[in-house]
Visitor: 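Take this structure first; my questions come after.
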Amino acid sequence: MSKPSLPQGTRDFGPEVVRKRQYIFNTIRSVFELYGFQPLETPAMENLETLMGKYGEEGDKLIFRILNNGLENPDKHQQARADFEKVLEGKNVKGLTERALKYDLTIPFARYVAMNHGQLTFPFKRYQIQPVWRADRPQKGRYREFYQCDADIVGSNALLNEVELTNIYNEVFTQLGIADYELRINSRKILTALAEFCGGADKMIDITIAIDKLDKIGLDKVKAELAQRGLNDEQIATIEKYLNISGTNEEKLQLIKSLIGHLETGKKGIEELEFVNRSRSEAGAIGNLIIDFTLARGLNYYTGIIFEAKAPATVKIGSIGGGGRYDDLTGLFGVPNIPGVGISFGVDRIYDVMEELKLFPEGVYTGTQVLFFNMGASESTTAFSAMQSLRKQGVRCELFHEPAKMDKQFKYAEKKNIGFIVIIGSQEVQNNTGVIKNLKTGTQETVSLANLTNKLFI
RNA sequence: GAGGUUGUAGCUCAGUUGGUUAGAGCGCUAGAUUGUGGUUCUAGAGGUCGUGGGUUCGAAACCCAUCAUCCUCCCCA
């Protein structure tokens with residue numbers, strides 16, 4: 001028999017890791033709740049057609065498909081073979097894969113809103129913390145199963161929502177101790193305006209893909225890629241001017257105005273950024289918010305402000321969250337005119353960042369507080385009831401599972417990082433007492449069992 | 001989808017130009033110690049050298065294939 005193993009890109013989480021992850025989840029959840037968001041959960045799988053075509057051509061390839069059951073039924077063989085031929089041609093066939101694992105939380109949410117818009121009170125603010133799956137090749141900071149934590153507001157065009165979301169980022173990262181994060185924002189409208197100004201509105205996607213790589217490959221290579229994607233010299237020169245915009249947020253806004261402020265779309269995009277930037281500084285939230293005109297983001301349903309939260313530059317992990325506004329997400333599901341804006345936290349990457357920067361507080365490691373020694377079959381019944389009275393007080397305790405040498409029980413307590421032990425042996429049973437020992441300081445005292453619940457095990 | 005890296009004990013890793021019985025540290029079990037842990041000392045258990053094939057008198061080492069892993073590009077959280 002071969003050794004057991006995990007599917008590529010998936011992980012088990014041991015007790016310590018789960019505690020740390022829960023610390024992150026709890027922080028994010030409590031901030032979402034604080035800002036008035038309501039929880040939602042959707043199934044692990046969706047109908048394939050719900051997901052297909054929503055994430056671009058590349059995205060479609062990364063969707064995990066689920067093979068239909070029952071294909072072994074002889075009656076279906078002929079159809080299955082025909083369907084399989086089509087799959088080999090790169091087509092999607094319902095007969096073979098009707099369902100797929102969800103790829104993100106936004107599209108299932110849009111599907112939910114489209115199905116329930118009659119019942120929902122708008123604006124509907126929901127948060128969602130669930131795993132998603134991508135058939136990507138795993139590497140550093142990239143997994144095939146990972147969690148997303150999303151907060152979205154649908155049914156409101158107000159830019160106040162964007163401001164709220166930037167505050168959520170700030171609150172969460174501050175609480176987690178990732179103070180040096182960067183929140184980059186841009187507006188898709190500015191990118192649209194740039195494409196228009198270059199005379200090629202149809203080139204928008206080519207332009208954004210290329211300029212998004214600026215900090216990775218440098219200006220020259222971006223220009224080369226633009227040329228390769230069919231932009232002429234004049235257009236590239238305009239884009240270069242655009243990319244060279246720098247300075248404070250206010251300075252950048254001034255410069256972009258002179259470049260594309262005369263275009264209707266550009267003007268709108270600039271107003272959006274100005275509003276968020278101003279509101280945020282008026283609210284006293286300082287630093288960290290950086291207007292970045294090279295930010296593009298892949299998902300093509302964004303239409304307004306887009307966000308990207310980046311880890312401190314010292315850890316090479318990059319994006320730890322992202323989001324943006326979409327004017328008409330549910331339109332894909334036949335319910336038009338419901339705008340929305342949302343953000344997402346990438347917990348798995350946040351974990352890696354916190355691990356690297358050693359940001360987890362001591363408190364997350366605590367498990368059992370008190371171990372009761374097992375000093376024999378009859379002694380342990382006294383220990384057991386003493387333990388139950390402590391548990392009633394909310395003290396986390398356990399009784400060693402069998403009578404054993406004290407040496408062994410001590411070592412167990414030490415390995416599990418248990419702070420206190422209580423010894424109730426034959427002498428103690430006789431005197432109705434117990435010995436409490438603090439394993440960190442090495443001090444111990446004898447107390448009456450009635451008094452045990454008054455002790456603090458911290 | 002393209003390219004590269006690594007695979008030896010539970011874990012981290014040595015292993016010389018191919019040469020006898022494959023090693024170390026940590027961990028594990030037992031004892032020194034039958035009511036006081038961490039330290040120390042002693043002993044012990046634990047290996048299809050990722051898998052399959054080939055070259056060779058002889059392979060953990062060389063060759064081919066395969067699987068897994070990690071990383072880079074693409075794209076993304």
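Every chain is numbered from 1 and lettered A, B, ... according to where its sequence line falls, protein lines coming before strand lines. These numbers were taken from a predicted model, which means no experiment stands behind them.
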Visitor: Residues in salt bridge (Lys or Arg N to Asp or Glu O under 4.0 Å) with A/Glu356, at least two apart?
Guide: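 Scan of A/Glu356 (salt bridge (Lys or Arg N to Asp or Glu O under 4.0 Å), adjacent residues dropped) gives none.
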Visitor: For A/Thr443, give me all partners under side-chain contact (heavy atoms from CB on, under 4.5 Å), at least two apart in sequence or on another chain.
Guide: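 side-chain contact (heavy atoms from CB on, under 4.5 Å) list for A/Thr443, sorted by chain: A/Asn438, A/Thr441.
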Visitor: Please classify the nucleic acid contact of A/Ser344 as base, sugar-phosphate, or nothing, using heavy-atom distances under 4.0 Å.
Guide: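 It contacts nothing in the nucleic acid.
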Visitor: Whole-Å distance between B/A77 C1' and A/Arg21 CZ?
Guide: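 Checked: the CZ to C1' distance equals 12 Å.
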Visitor: May I have the distance from A/Asp104 (atom CG) to B/C75 (atom P), rounded to whole angstrom?
Guide: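 My rounded result for the distance is 18 Å.
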Visitor: Using the 3.5 Å cut-off, write out each protein N or O paired with an N or O of nucleotides 1-11 of chain B and the distance between them.
Guide:
none

Visitor: How far does the P atom of B/C76 sit from the matching atom of B/G3, given to the nearest Å?
Guide: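 Those two atoms are separated by 23 Å.
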Visitor: Round to a whole Å and report the spacing from CD of A/Gln8 to C1' of B/C71.
Guide: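 That distance rounds to 13 Å.
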Visitor: Can you identify which nucleotide, out of B/G35, B/G37, B/A77, has its nearest atom closest to the A/Glu428 side chain?
Guide: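 The listed nucleotide nearest to A/Glu428's side chain is B/G35.
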Visitor: A/Thr294: which residues meet the side chain to side chain donor-acceptor pair (under 3.5 Å) condition with it, sequence neighbours left out?
Guide: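 A/Thr294 satisfies side chain to side chain donor-acceptor pair (under 3.5 Å) with A/Asp292 once adjacent residues are dropped.
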Visitor: Who are the side-chain contact (heavy atoms from CB on, under 4.5 Å) partners of A/Lys416, not counting sequence neighbours?
Guide: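 Residues passing side-chain contact (heavy atoms from CB on, under 4.5 Å) with A/Lys416: A/Thr368, A/Glu398, A/Tyr412, A/Ile418.
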Visitor: Taking the cut-offs as 6.0 angstrom to the six-membered ring centre and 45 degrees off its axis, would you call A/Arg21 and A/Phe13 a cation-pi pair?
Guide: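 Verdict for A/Phe13: a cation-pi partner in A/Arg21.
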Visitor: What pairs with A/Lys310 under side-chain contact (heavy atoms from CB on, under 4.5 Å), at least two apart in sequence or on another chain?
Guide: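 By the side-chain contact (heavy atoms from CB on, under 4.5 Å) rule, A/Lys310 matches A/Glu182, A/Arg184, A/Asp215, A/Glu308.
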Visitor: Looking at residues at least two apart in the chain, or sitting in another chain, which of them share a side chain to side chain donor-acceptor pair (under 3.5 Å) with A/Gln175?
Guide: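 Partners of A/Gln175 by the side chain to side chain donor-acceptor pair (under 3.5 Å) criterion, ordered by chain and then number, come out as A/Glu171.
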Visitor: Mind checking side chain to side chain donor-acceptor pair (under 3.5 Å) for A/Asn244 and listing every partner two or more places apart, or none if nothing turns up?
Guide: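 Expected list: none.
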Visitor: Grab the N/O contacts between the protein and nucleotides 29-31 of chain B below 3.5 Å, and write none if there aren't any.
Guide:
from: B/G31; atom 1: OP1; to: A/Lys405; atom 2: NZ; distance (Å): 3.3
from: B/G31; atom 1: OP2; to: A/Lys405; atom 2: NZ; distance (Å): 3.2

Visitor: Listed by chain and number, what are the side chain to side chain donor-acceptor pair (under 3.5 Å) partners of A/Tyr143, not counting sequence neighbours?
Guide: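 A/Tyr143 satisfies side chain to side chain donor-acceptor pair (under 3.5 Å) with A/Asp352 only.
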Visitor: Pull out every stem in RNA chain B, meaning runs of 3 or more consecutive Watson-Crick or G-U wobble pairs with both distances under 3.5 Å.
Guide: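 Stems found: B:1-4 with B:70-73, B:10-13 with B:23-26, B:28-32 with B:40-44, B:50-54 with B:62-66.
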Visitor: Which residues pass the side-chain contact (heavy atoms from CB on, under 4.5 Å) test with A/Ala110, not counting sequence neighbours?
Guide: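 Here the qualifying residues are A/Leu329, A/Thr330, A/Phe333.
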